[in-house]
2 protein chains.
Amino acid sequence: MSSIIDKKMNAKTRSFEKTRQTLNVTGLRVTNQRALIMDIIRQGDEHLDADEVYRRARAKQPRLSLSTVYRTLQALKKVGLVEEVHIDETRHYYEIKPPTEHHHLVCLECGRVVEFQYPLARLIKRKVIEAKDFEITGSEIRMTGYCPSCRQKRK
Amino acid sequence: MSSIIDKKMNAKTRSFEKTRQTLNVTGLRVTNQRALIMDIIRQGDEHLDADEVYRRARAKQPRLSLSTVYRTLQALKKVGLVEEVHIDETRHYYEIKPPTEHHHLVCLECGRVVEFQYPLARLIKRKVIEAKDFEITGSEIRMTGYCPSCRQKRK
DNA sequence: TACTAGATGCAAATGAGTAGCATTATTGAT
DNA sequence: ATCAATAATGCTACTCATTTGCATCTAGTA
Ligand SMILES: [Mn+2]
Ligand SMILES: [Mn+2]
Ligand SMILES: [Zn+2]
Ligand SMILES: [Zn+2]
């Protein structure tokens with residue numbers, strides 16, 4: 001049998017199985033649709049919205065419903081495996097909960113989203129508790145501007 | 001005639017006229033509905049959403065339509081008189097463009113929004129251009145946590 | 001005062017996300 | 001392996017903030 005196909009299948013299967021393991025410890029039931037959705041987010045390079053997840057998932061499981069995608073995204077968010085990002089105002093995007101703090105830069109010209117790895121949460125948390133006696137548990141920074149390649153074109 | 005009523009009327013009229021002046025220099029046509037909406041946002045202490053603006057405006061101009069509120073908010077945003085804040089995911093809120101940078105703290109318990117006056121934009125802008133060659137033109141920080149009074153209750 | 005582009009009001013449309021409910025699948029116990 | 005309990009799924013219908021089309025109106029200008 002073709003070793004190329006075997007390798008592809010195995011890579012996919014491995015990833016999927018790893019995802020099932022991850023899900024298993026959350027208390028959530030491990031369903032095929034959840035494993036698939038989680039896997040798609042894990043493998044997806046970009047930030048995906050519900051509809052994009054849906055489109056990609058249907059390629060594998062045509063009977064999967066959009067409701068399930070929405071419910072799964074909520075569930076994964078709740079158990080802390082996935083994070084919701086508010087890059088634009090019209091819809092929510094999702095990414096695997098990252099190990100280190102990062103924030104998002106959105107290019108106003110081309111829409112590209114760039115990640116900015118920098119720890120601001122600590123600083124902010126401290127400043128806020130000093131000034132306002134307000135205890136911060138989460139913060140999100142969204143920055144807009146122009147990416148390197150669009151800056152060139154504008155000049 | 002009652003001087004109290006006169007003073008009230010005059011205060012309102014003065015505010016409204018000042019708003020008309022402000023609008024006049026923007027290139028936008030100065031309509032009663034725009035002046036009223038702008039005035040409501042200016043006088044409103046809190047952050048107002050479209051529907052709240054609509055409710056308050058109808059008290060003065062019952063024929064005003066919700067569409068006009070939405071269109072006006074967009075117009076005021078575009079000319080830089082008003083700023084859109086993304087405090088929650090379900091709707092947009094509006095405030096007069098503040099002269100100094102501030103960000104918003106949202107209490108997860110009671111929903112109260114507290115403003116945090118602190119200049120982070122400069123720092124962020126610099127760090128980002130260094131690290132990513134990305135030119136930042138706007139940034140918004142949304143922080144969630146617990147306000148002083150809700151922190152008490154939780155203990 | 002008359003002209004005209006821009007603004008308004010109303011009604012209908014859009015679109016992301018949610019909810020109800022009958023059916024199905026996972027899990028943990030026998 | 002079988003079963004019961006109950007969580008999850010797939011539909012469909014719904015909600016609700018925001019947008020759009022279009023006929024009518026009005027602010028700004030000559
Ligand atoms: Mn990211
Ligand atoms: Mn504010
Ligand atoms: Zn760009
Ligand atoms: Zn509170």
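Throughout, a chain's letter reflects where its sequence line sits, starting with A, and its residues are numbered from 1. Computed from heavy atoms alone, side chains included, the values below leave out hydrogens, waters and symmetry copies.
Between A:H92 and A:Y94, the ring planes are perpendicular. Angles over 60° get that label, and only those under 30° would be called parallel. The aromatic rings of B:H47 and B:H102 lie tilted to each other, with the angle between the two planes from 30° to 60°.
For B:S67 against D:dT20, a side-chain N or O and a base N or O form a donor-acceptor pair under 3.5 Å. Looking at B:R63, its side chain has no donor and acceptor atom pair within 3.5 Å of the base of C:dT8. Between the side chain of A:R71 and the base of C:dG17, no donor-acceptor pair of N or O atoms lies under 3.5 Å.
Applying the side-chain hydrogen bond (donor to acceptor under 3.5 Å, both in side chains) test to B:K127 and every residue at least two apart in sequence or in another chain returns nothing.
If you check every strand for non-hydrogen atoms under 4.0 Å, A:L66 touches nothing.
If you take CG of B:L64 and P of C:dC10, they are 9 Å apart, rounded to a whole angstrom. Between the C1' atom of D:dT26 and the CZ atom of B:R20 lies a distance of 12 Å, rounded to the nearest Å. Nucleotide C:dT8 holds its C1' atom 11 Å from the CD atom of B:Q61, rounded to whole Å.
Distances shown here put a side-chain N or O of B:Q33 below 4.0 Å from the OP1 or OP2 atom of C:dG9. Taking only side-chain nitrogens and oxygens, A:R34 comes nearer than 4.0 Å to OP1 or OP2 of D:dA8.
Which of D:dA17, D:dT9, C:dT8 sits closest to the side chain of A:T68 comes down to D:dT9. Comparing C:dG17, D:dA8, C:dT27 by their closest approach to the side chain of A:L28 singles out D:dA8. The side chain of A:R29 sits closest to C:dA25 out of C:dA11, C:dA25, C:dG17.
Map B:N24 and B:A50 each onto its nearest nucleotide of DNA chain D; the residue landing nearer the 5' end is B:A50. Map A:T90 and A:N32 each onto its nearest nucleotide of DNA chain C; the residue landing nearer the 5' end is A:T90.
Side-chain contact check for B:Y54 versus B:R58: some heavy-atom pair is nearer than 4.5 Å.
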